[in-house]
Amino acid sequence: MDRSPRPRPHDSTAGRLAGLAALLADETRASFCLALLDGRAWTAGELARYAGVAPSTASEHLGRLVAGGLLAEERQGRHRYVRLAGERAAHLVEELASQAMPGEPEAPRSLRAASVGSALARGRTCYDHLAGRLGIRITEAMTVRGLLRQDSGFALTEAGLEWFDALGIPLDRSGRRPLVRGCLDWTERRPHLAGAAGAALCAHVLEAGWCERFGSGRAVRVTSAGVVALSEALGLDPASLAPPGPAD
């Protein structure tokens, strides 16, 4: 009797997983995806300068990312823009980034790198929701005040729904996107608020002028008006929200 192992039928899921992993197995493509976590659309030229590669090289890599479904392409006239394909793609990149972080943070290679890293750790956008210490503080404050539950996954309480309504923040419950979910923060190693509610809250604080983008655009900081508003809305310590001084 022949007992030699028989070839296994082709596993299409395994093949797709290997293909997806190959897309991010290149430092330039990974760099593009991390840059696009700011939720904005970038041109190929902007991403080329960001990653320090030639425009032709950037175009080749972007073509692979678009074909693989991680990025979506938009055209306006002669201009070509790319962005992450959606929240699922953003969540995948952020989750992998958190897994790739070493147990102990690496020493920055330059003063500029240290400054950028410090700004992103204080507060940033993770695709379309708040992350970093700012995102964690807001998430924890919502939990302490009974607006958010984290005991068996993330869920807004009735008080939480009323809180959003009182602030005039509409929540989209019509799509397939979950209303709330936890997203592991790669600098804080704790979950921050994501999902439709996280996106709505982030949009509100930016539109209301409670927070502002600066630097590359992914880093965010709380404005003077935001210190007052977030302190009143969530009982946060104003000192923990105050914008950094010139020394930062």
Side-chain angles (χ1 to χ4, degrees), residues 24 30-42 46-47 49-51 70-71 82-84 86-102 105-106 108-142 148 154 180-227 229-230 234 236 240-245 247-248:
L24 292 171
S31 178
F32 289 170
C33 290
L34 288 171
L36 291 165
L37 277 174
D38 67 359
R40 298 179 298 170
W42 291 47
E46 289 170 336
L47 287 168
R49 289 190 292 273
Y50 175 84
L70 279 179
L71 302 187
V82 292
R83 63 169 69 244
L84 287 170
E87 190 204 16
R88 290 181 63 188
H91 180 54
L92 172 66
V93 173
E94 183 82 5
E95 183 71 19
L96 289 174
S98 70
Q99 294 295 324
M101 289 289 288
E106 297 179 352
R109 298 179 181 179
S110 66
L111 180 60
R112 182 179 183 279
S115 179
V116 170
S118 177
L120 290 175
R122 280 195 301 268
R124 66 183 182 276
T125 51
C126 170
Y127 186 52
D128 60 359
H129 53 270
L130 295 170
R133 288 194 292 275
L134 174 61
I136 293 296
R137 286 191 182 111
I138 289 175
T139 301
E140 291 182 343
M142 291 180 67
L148 179 70
F154 272 42
V180 292
R181 68 169 180 80
C183 179
L184 183 62
D185 196 290
W186 59 266
T187 53
E188 296 299 304
R189 305 301 179 88
R190 287 176 287 170
H192 55 245
L193 177 65
L201 179 59
C202 180
H204 179 78
V205 299
L206 289 170
E207 291 169 4
W210 296 0
C211 291
E212 62 184 4
R213 296 184 183 273
F214 70 102
S216 67
R218 190 181 177 197
V220 297
R221 58 189 168 201
V222 182
T223 64
S224 298
V227 170
L230 288 172
L234 289 169
L236 288 164
S240 71
L241 296 170
D248 292 302

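Here the straight-line distance linking atom NE2 of His91 with atom NE2 of His129 works out to 8.5 Å at 0.5 Å rounding. The line from OH of Tyr127 to CG of Leu36 is 10.0 Å long, rounded to the nearest 0.5 Å. One distance of note links CG of Leu236 with CG of Leu230; it measures 6.5 Å at 0.5 Å rounding.
In plain terms, the two heavy atoms of Cys126 and Ala131 that are nearest each other are CB-CB, 3.7 Å. Residues Asp128 and Cys202 share a closest heavy-atom pair of O-CB, 3.3 Å. Among all heavy-atom pairs drawn from Trp210 and His204, the shortest one is CH2-NE2, 3.7 Å. Here the closest heavy-atom approach between residue Arg83 and residue Ala41 is recorded as NH2-CB, 3.6 Å. The two residues Ala90 and Leu37 make their nearest non-hydrogen contact at O-CD2, 3.7 Å. The two residues Leu206 and Cys211 come nearest to each other via the heavy atoms CD2-O, 3.7 Å.
Side chains of Leu96 and Leu24 form a contact here, defined as non-hydrogen atoms less than 4.5 Å apart. By the 4.5 Å heavy-atom criterion applied to side chains, Val82 and Phe32 are not counted as neighbours. Val227 places none of its side-chain heavy atoms less than 4.5 Å from the side chain of Thr223. Between Glu212 and Arg221, some side-chain heavy-atom pair lies under the 4.5 Å cut-off. In this structure, Arg133 and Glu188 have side chains that are in contact, with non-hydrogen atoms separated by less than 4.5 Å. At least one side-chain heavy atom of Leu193 sits less than 4.5 Å from a side-chain heavy atom of Met142. Residues Leu92 and Leu70 meet the side-chain proximity criterion, which asks for heavy atoms closer than 4.5 Å. Taking 4.5 Å as the limit, some side-chain heavy atom of Leu241 sits within range of a side-chain heavy atom of Leu134.
Between Asp185 and Arg124 there is a salt bridge, since at least one side-chain N of the basic residue sits less than 4.0 Å from a carboxylate O of the acidic one.
The main-chain N or O of Ile136 is never found under 3.5 Å from a side-chain atom of Arg190 such that the two would form a donor-acceptor pair.
For Trp42 and Tyr50, the gap between ring centers is short of 6.0 Å.
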